[in-house]
Every structure is written in structure tokens, then in C-alpha cells.
Amino acid sequence: MEILLVPHPILRQKAKKLNSVTAEDIKTANLMMKSMIKAPGVGLAANQVGILKQIVTINFEDKENNKKSNYILFNPKIIKYSQETVVMEEGCLSLPEQYADVERPKDIVLEYIDENNKTIKKQIDGYEARILQHEIDHLSGKLFVDYLSSLKRNMLIKKVKKIQNIKK
Ligand SMILES: [Zn+2]
């Protein structure tokens, strides 16, 4: 799967909710997982590979807490945000080599459907909460640069265009 870069219009569109998880959706998610690991990235939303379905893949290692997470989420939805916020540096596979500090809620309560069509609800904090907020934003056409000033946002997008032109 090819990962789309800004300013591709699909990155700005809303992904559709699935009625139920089908074998085809699982196949799509597995291909996304492969592309994400190869990139390498810690999270990927279906919009980023040109598919407007609410699918997210996650793969990260929290060395501090010795925790490895590798899972697929269908129809993920954040149902609660903590009042407390934290600033963390973010990057995105659709904006290669660009990073910026973004302030977001520290903890979230998340609800999603897994491969077995089972609804999962869990509280998530730390780095994982950060990745999930970033990926779930993608599903509604939102990018991390939207949290920055328009000046900074345009600068980062321009840099991505420049890198693409060099690679062509
Ligand atoms: Zn991203």
C-alpha cells in the first residue's frame, strides 16, 4: 500500500463507519499494518492509504513500561478526554520528516470494535493515548498540523511538497 502525503485531498475527507467488520476489512487492516511497520510508523489510519473506512492500526513499543502493543481498531471513538493536557512532539507518515509540539488531553477512554466484532472499551494514557488521538483525527480528515498556527502549518506542508519534488 502506498502512503499518501499532504496535500492529497483524501487526507481531508471523513472515513465511513463500518456496519460490521468483514473479512475484507480485516484483510485491508492487515495490509495497512504491514505498510505501517515497513514505513516505519507507530500508527496508521485508512485515509492515509486512500481508503475512507474507519480503520486504524497501532504498533508501538513503550520501553519505559516494557509494553508492546500491536492491534487493529475498527470504528474507534474517543468517549472521554481528561481535563489535564500534555505537550508532545508529533510526526506523521503523511508529512515525512516534519515534527511539531502539539497539546492534547493526557488520557482518553476509547471504544472500538475488534476483528471479532467485539466492542472494546478501555482507558488509555501516555504515549498510546497520544498516538490514538492523532490516528482518530485522521478518520475525520484532521491532521496534527491543524493544531499549529496557519503560518507553521503551511510551512510544514510546503516542506513536504519540496521533499516530494526532490524525490521525483
Ligand atoms: Zn498521521
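When a ligand or atom number is given, it counts from 1 through the structure's own listing order. All residue numbers in this chain count up from 1 along the given sequence. Since we're looking at a predicted model, the values are computed, not measured.
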Sorted by chain and number, sequence neighbours left out, side-chain contact (heavy atoms from CB on, under 4.5 Å) with K161 holds for P7, I157
Whether D101 and K152 form a salt bridge (side-chain N of Lys/Arg under 4.0 Å from carboxylate O of Asp/Glu) is what I want to check. no
Ignoring hydrogens and angles, state whether a donor on the side chain of T22 or D25 is under 3.5 Å from an acceptor on the partner side chain. yes
Within a strict 4.5 Å, meaning less than it, do heavy atoms of the L5 and I163 side chains meet? no
Where at least one partner belongs to residues 136-145, residue pairs that pass salt bridge (Lys or Arg N to Asp or Glu O under 4.0 Å), sequence neighbours excluded: R104-D137
F144: what forms a ring-ring contact (aromatic ring centres under 6.0 Å, His included) with it, not counting sequence neighbours? H134
Go around the Zn ion (ligand 1) and count every protein N, O or S atom nearer than 2.8 Å. 3
